[in-house]
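Notes follow once the structure below has been shown.
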Amino acid sequence: MIIGEVTPDKEALVRLMVRGPGGQEREVCAVLDTGYTEYLTLLPTLITALGLPYQYSLPMSLADGSTVQMRVFDAAVVWNNRERSIPVQETDGDVLLGMSLLYGPRLLLDAVDGGHVAISDIP
Amino acid sequence: MTPAQPRYGAQETVRRAEELYAQRIRPQVEAQHRGRYIAIDIETGEYEVGDDYHAAARSLLARKPSAALGALRIGYATVGRIGGRTKAVRQ
């Protein structure tokens, strides 16, 4: 099970370990974003620090109807104590955790300050 | 193995992928693969279709490790979204 919490700013946060190909790793604080279809966004500085290899660029649509091109890099995350290979999208904004990474288990959260966030297997 | 630095910037990558798709690839794939993802070598026009863009990209790289990759979603203006809702392109 993966656990996190809801902050007073109304964000559901979980901590996630991200790894690069050379063994570098960093823990990130990610906002669960069910409006985000892909896996994970990271800042350019962290992508560089982890030595993540570039893969390709994708067009993504934003809530305001505009389109942005986002660069995609290969990374590994520790998910439920197991390492998963995922594509990471480069962004200048916050670390977002999207539906492709969340896909599969059950997400439960108590939508109050300090509320519990739990990601676990669907029984 | 993909290079550490892209040969093309993000805008150029998407522009080339969309151009190749519109000019050469679309008639071959759109009717049958709407909603699936396509990885395109933006220098040669070779491509692979997959259930997600990562799978499509890996398929193309497996047979052509030096490919300069772009990726699109068939029948959609974008591959994914941050916020809002997914909209297909009207045929």
Side-chain angles (χ1 to χ4, degrees), chain A residues 20-22 24 30-42 44 47-77 84-104, chain B residues 1-22 35 37-43 47-48 50-62 64-74 76-89:
Chain A
Q24 317 90 318
V31 177
L32 300 180
D33 186 349
T34 59
Y36 174 41
T37 53
E38 307 314 306
Y39 294 79
L40 194 70
T41 63
L42 289 180
I47 288 169
T48 301
L50 292 172
L52 304 183
Y54 171 78
Q55 298 300 304
Y56 38 78
S57 295
L58 305 172
M60 297 283 289
S61 69
L62 303 182
D64 65 0
S66 64
T67 299
V68 294
Q69 278 80 43
M70 296 181 79
R71 301 203 300 167
V72 177
F73 297 76
D74 257 358
V77 293
R84 278 180 69 176
S85 176
I86 63 165
V88 158
Q89 291 182 297
E90 182 186 48
T91 178
D92 289 327
D94 301 304
V95 177
L96 303 180
L97 196 161
M99 288 297 284
S100 289
L101 183 50
L102 272 175
Y103 202 79
Chain B
M1 191 167 84
T2 50
Q5 286 298 323
R7 295 202 279 283
Y8 303 91
Q11 300 246 358
E12 181 70 2
T13 297
V14 173
R15 186 192 69 76
R16 283 175 171 248
E18 289 175 341
E19 199 170 89
L20 281 163
Y21 180 78
Y37 297 82
I38 182 167
I40 302 171
D41 182 333
I42 60 173
E43 289 176 336
Y47 64 89
E48 284 284 342
D51 289 329
D52 64 69
Y53 60 80
H54 212 49
R58 288 196 187 285
S59 291
L60 187 53
L61 283 173
K64 199 176 176 200
S66 63
L69 287 181
L72 301 172
R73 190 177 182 196
I74 298 168
Y76 289 74
T78 59
V79 166
R81 59 180 164 81
I82 306 179
R85 302 199 60 188
T86 302
K87 298 173 188 61
V89 173

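Hydrogens, waters and symmetry mates play no part in the numbers below; they use all other heavy atoms, side chains included. Order of the sequence lines fixes the chain letters, A, B, ..., with proteins taken first and strands second; residue numbering starts at 1 for each chain.
- Atom OH of residue Y56(A) and atom CG of residue L61(B) lie 8.5 Å apart, to the nearest 0.5 angstrom.
- Within a 6.0 Å sphere centred on CD of Q11(B), other residues, nucleotides and ligands contribute 12 heavy atoms or fewer.
- Considering all non-hydrogen atoms of both residues, G35(A) and R81(B) come closest at O-NH1, 3.0 Å.
- By number of non-hydrogen pairs under 4.5 angstrom with chain B, the leading residue of D74(A), I86(A), V68(A) is D74(A).
- Interatomic distance, I82(B) CD1 to M70(A) CE, rounded to the nearest 0.5 Å: 4.0 Å.
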Tabulate below the donor-acceptor pairs under 3.5 Å that side-chain atoms of residues 91-104 of chain A make, not counting sequence neighbours, or state none.
residue : atom : partner : partner atom : Å
T91(A)  : OG1  : G93(A)  : N            : 3.0
S100(A) : OG   : T37(A)  : O            : 2.6

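- The two residues L58(A) and A71(B) make their nearest non-hydrogen contact at CD2-CB, 3.2 Å.
- In this structure, chain A has a heavy atom under 4.5 Å from the backbone of A77(B), while its side chain stays farther away.
- Side-chain contact between Q55(A) and Y53(B): absent, with no pair of heavy atoms (C-beta onward) separated by less than 4.5 Å.
- Taking all atoms of both residues into account, the shortest heavy-atom contact from P59(A) to L72(B) is CG-CD2, 4.0 Å.
- How far CZ of R58(B) is from OG of S85(A): 5.0 Å, rounded to the nearest 0.5 Å.
- Between Q69(A) and T13(B), every side-chain heavy-atom pair lies at or beyond the 4.5 Å cut-off.
- For I42(B), no part lies near chain A; criterion is any non-hydrogen pair under 4.5 Å.
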